[in-house]
Amino acid sequence: MKMEYTVGDLNAVVHSPRALVGTLPLVFSFRGNDDYAQSLAQQGSVVVLVSDRIAVDRHRELWRQLSEAGGPLVERFRGFAGHFAVAEP
């Protein structure tokens, strides 16, 4: 499954398995790696492709908020809450 989001100046493409079962790894990578992202999603990861390498920490914070069922991503990605783990840097 492929979805996109924009929050302020942050843009990303998200690849994930169609069925979210259990806790899945959350992987941040960079746009242009769509084949890699699709492959990881088929193996059970949620992959966030960001366009700005400097903004990865800001994207990670959005997903951390979502993991607690809050933040600006909750409306679009509500079903993801509880199904991924945000790794600490």
Side-chain angles (χ1 to χ4, degrees):
M1 177 168 49
K2 179 179 174 182
M3 302 172 76
E4 297 182 28
Y5 69 83
T6 299
V7 175
D9 63 340
L10 298 177
N11 301 296
V13 175
V14 179
H15 291 270
S16 71
R18 290 201 180 276
L20 299 173
V21 179
T23 303
L24 307 174
L26 181 66
V27 178
F28 291 91
S29 191
F30 304 101
R31 287 214 176 143
N33 290 335
D34 282 312
D35 291 338
Y36 173 69
Q38 288 174 5
S39 175
L40 286 177
Q42 289 172 351
Q43 296 173 39
S45 294
V46 175
V47 184
V48 180
L49 297 177
V50 301
S51 57
D52 182 358
R53 293 176 187 266
I54 296 170
V56 171
D57 287 338
R58 291 173 54 206
H59 284 278
R60 185 178 290 115
E61 182 56 30
L62 290 175
W63 284 85
R64 187 171 289 111
Q65 291 172 13
L66 178 61
S67 72
E68 298 169 358
L73 296 181
V74 75
E75 185 175 320
R76 177 121 170 103
F77 295 94
R78 180 180 314 278
F80 283 65
H83 290 287
F84 64 89
V86 179
E88 294 300 321

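In this chain, residues are counted from 1 in sequence order.
Of the inter-residue distances, the one linking R53 atom CZ with F30 atom CZ reads 4.5 Å to the nearest 0.5 angstrom. Residue M1 holds its CE atom at 5.5 Å from CG of L20, rounded to the nearest 0.5 Å. Between the CG atom of L66 and the CZ atom of F80 there is a distance of 8.5 Å, given to the nearest 0.5 Å. Interatomic distance, R60 CZ to R64 CZ, rounded to the nearest 0.5 Å: 7.0 Å. To the nearest 0.5 Å, the span separating CD on Q42 from CZ on R18 amounts to 10.5 Å.
No chain of hydrophobic side-chain contacts below 4.5 Å, direct or via other Ile, Leu, Val, Met, Phe, Trp or Tyr residues, connects L24 to V13. Hydrophobic clustering keeps Y36 apart from V48 (ILVMFWY residues linked when any side-chain heavy atoms are closer than 4.5 Å, directly or through intermediates). One hydrophobic cluster holds both V7 and F84 under the rule that ILVMFWY side chains link at heavy-atom gaps under 4.5 Å.
With respect to R58, the side chain to side chain contact (heavy atoms under 4.5 Å, CB included) criterion is satisfied by exactly one of D9, D52, V50: D9. Between H15 and the options L49, V27, L40, a side chain to side chain contact (heavy atoms under 4.5 Å, CB included) holds for only L49.
Closest approach of G44 and P17 over heavy atoms only: CA-CG, 3.8 Å. The nearest pair of heavy atoms linking A41 to V47 is N-CG2, 4.4 Å. Across all non-hydrogen atoms, the minimal contact from L62 to P72 is CD2-CG, 3.4 Å. Considering every non-hydrogen atom in both A85 and L26, the closest pair reads O-CB, 3.3 Å.
Side chain of R76 to backbone of E4: a donor-acceptor contact under 3.5 angstrom is found. Panel note: side chain H83, backbone G22; a donor-acceptor pair is recorded below 3.5 Å.
Checked against the 6.0 Å centroid threshold, Y5 and H59 count as a close aromatic pair.
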